[in-house]
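A quick write-up on the structure given underneath.
Protein chains get the first letters and strands the later ones, always in sequence-line order, with residue 1 at the start of each. Just so it is clear, the structure is predicted and the values come from calculations on it, not from any experiment.
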2 protein chains.
Amino acid sequence: MKIPLYRQIQASLKEKITSGVYEEGGLLPSENELCAEFNATRMTVRQALNELVREGYITRQHGKGSTVSASRKSLGLLSLKGWTEVVVASDRHGKTLVLEGPIVKKLEDSAFKPLIDEESHEEFIFFKRLRLVEDSPVMYEHTYIPNENLPNFIKEPLLEGSLFRTLLIKYQIDVQSMTQEVRAVAADKETASLLKIKSKSPVLHLLRKYKTSIDGFFLYSSIYCNTEKFAISSFN
Amino acid sequence: MKIPLYRQIQASLKEKITSGVYEEGGLLPSENELCAEFNATRMTVRQALNELVREGYITRQHGKGSTVSASRKSLGLLSLKGWTEVVVASDRHGKTLVLEGPIVKKLEDSAFKPLIDEESHEEFIFFKRLRLVEDSPVMYEHTYIPNENLPNFIKEPLLEGSLFRTLLIKYQIDVQSMTQEVRAVAADKETASLLKIKSKSPVLHLLRKYKTSIDGFFLYSSIYCNTEKFAISSFN
DNA sequence: TAATACAACTTGTATAGACAACAGAATAAT
DNA sequence: ATTATTCTGTTGTCTATACAAGTTGTATTA
């Protein structure tokens with residue numbers, strides 16, 4: 001299974017960005033320097049960099065360089081980045097409470113059906129998580145991960161509390177893109193109480209399917225989001 | 001002011017897609033054929049095609065070709081999912097009712113402030129539009145366009161009812177990308193009655209800023225969206 | 001007939017090089 | 001001192017080529 005060079009460069013840079021080797025707001029090495037580092041041509045390096053732009057990790061400026069994405073006022077959660085990176089990058093104080101899991105179960109949530117194509121995996125690793133910004137709950141998330149090729153996943157804690165980073169570092173699984181459906185719904189009892197809002201308040205509902213570097217390995221998330229204080233932002 | 005070749009190819013293909021020269025679901029000419037047509041190399045053509053992918057006009061498949069995506073022209077940069085198949089199959093595209101405008105006014109909607117940088121234009125052309133799919137109202141939209149370099153815009157009707165198409169054909173202004181903030185809110189009286197839902201029902205609120213091929217020329221939209229039947233889907 | 005192999009197409013990845021356009025710093029001219 | 005110019009390093013655009021790999025239809029073979 002051969003991984004294209006530009007994907008390797010992309011994953012390597014992403015690792016260095018999320019681990020802090022390249023600081024937020026700082027400049028990445030120039031294209032020519034990256035060419036030397038990875039023994040690639042500029043076109044190949046540029047393809048990796050453009051992917052990182054698409055995923056929201058960097059911005060680029062003509063004549064200047066590639067800047068590691070700076071914080072935004074609203075949480076850039078329509079972009080690819082996982083919760084931990086976004087909150088850290090926006091220098092707000094974010095916490096994640098694991099309410100349930102990880103446990104192994106089947107994906108019985110019927111809401112996902114339109115996103116899943118044909119034969120799906122039998123078993124998934126399941127999480128229920130509540131995410132807070134500055135001690136107020138903002139998102140309530142159900143996550144399903146195929147229970148394949150993830151030895152010891154359930155036993156060991158997440159690296160720095162980040163699912164995406166754990167997958168990248170420990171299992172070399174790079175989350176690369178996402179599709180989602182967005183709706184406004186009235187919060188049900190459970191969601192409302194967890195998000196500390198009134199029942200039937202409007203909440204954002206996101207149904208997500210993440211594509212990874214492993215063929216056929218998709219993550220699924222159902223997210224309820226309180227947007228009173230924080231908006232979800234996206235760029236394109 | 002020189003326009004890069006790949007942007008010209010991009011705009012040309014976009015024009016042919018939105019005008020129906022290339023049909024929905026059909027294949028675009030192959031890269032090599034486009035190379036011949038535009039006197040460009042494959043890398044240049046591919047850059048144009050990749051931009052169209054990013055904008056959602058086409059999808060590409062290894063070994064096969066570039067397929068024109070459905071449901072782009074009638075609903076701008078929004079793709080609707082859920083009943084889309086029905087809409088496409090019945091060949092009844094969404095309708096748009098202009099409730100108010102175009103008129104010239106200032107941008108007084110304070111909600112836009114976080115999206116606008118520095119000195120903004122004094123005067124904008126303003127629209128209130130209601131969008132329907134299969135005769136049920138789905139979106140209520142306020143649009144602001146800088147009142148600059150748009151001679152006769154207010155006097156003349158939109159080409160085929162499409163704002164983006166009018167800007168592209170009559171004024172060579174190509175809408176290329178967008179940033180937005182997304183919230184779930186309770187519908188106010190006006191919105192609820194227009195969307196034919198109960199007051200205070202949850203609706204999606206989108207605050208958008210569109211970037212165009214003209215430097216400093218941005219469009220702004222505030223959109224309320226009924227997601228009971230249709231979800232907003234996004235790719236990345 | 002059904003399966004296999006092949007051929008001709010497509011897009012994907014990658015190299016090597018060239019010049020243009022932009023940003024910022026250093027230098028020269030006023 | 002201030003302004004203009006030049007220089008250097010950066011990203012943006014584009015050419016020309018090559019091979020890999022996926023898709024599809026056709027021909028061959030068992």
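Near DNA chain D, meaning a heavy atom under 4.0 Å away, the residues from residues 34-52 of chain A are A:Arg42, A:Met43, A:Arg46. Within residues 5-12 of chain B, the residues approaching DNA chain D are B:Leu5, B:Tyr6, by heavy-atom distance under 4.0 Å.
If you measure from atom CG of B:Asp215 to atom P of C:dC22, you get 10 Å, rounded to the nearest angstrom. The interatomic distance linking B:Lys2 (NZ) with C:dA21 (P) rounds to 7 Å, in whole Å. Between the P atom of C:dA23 and the NZ atom of A:Lys64 lies a distance of 9 Å, rounded to the nearest Å.
The local environment of NZ in A:Lys170 is crowded, with over 12 non-hydrogen atoms from other residues, nucleotides or ligands closer than 6.0 Å. For B:Asn152, the CG atom sits in a packed shell: over 12 heavy atoms of surrounding residues, nucleotides or ligands are nearer than 6.0 Å. Other residues, nucleotides and ligands place more than 12 heavy atoms under 6.0 Å from the NZ atom of A:Lys16.
The aromatic rings of A:Phe126 and A:Tyr144 lie tilted to each other, with the angle between the two planes from 30° to 60°. Note on ring orientation: taking the six-membered ring where Trp is involved, the planes of B:Tyr210 and B:Phe164 are perpendicular (angle over 60°, cut-offs 30° and 60°).
For the pair B:Glu31 (side chain) and B:Arg46 (backbone), a donor-acceptor distance under 3.5 Å is absent. For the pair A:Ser12 (side chain) and A:Gln8 (backbone), a donor-acceptor distance under 3.5 Å is absent.
Remark: the A:Ser69 side chain and the A:Thr59 side chain contain no N/O donor-acceptor pair separated by less than 3.5 Å. Donor-acceptor pairing under 3.5 Å is recorded for the side chains of A:Gln10 and A:Glu55.
Heavy-atom distances to DNA chain C give each of A:Pro4 and B:Gly63 a nearest nucleotide, and the one nearer the 5′ end belongs to B:Gly63.
Put simply, chain B comes within 4.0 Å of DNA chain D, heavy atom to any atom, from D:dT13 to D:dT24, going 5' to 3'.
Just one residue in the list B:Arg60, B:Arg7, B:Lys14 forms a salt bridge (charged side-chain N to carboxylate O under 4.0 Å, His left out) with B:Glu51, and that residue is B:Arg7.
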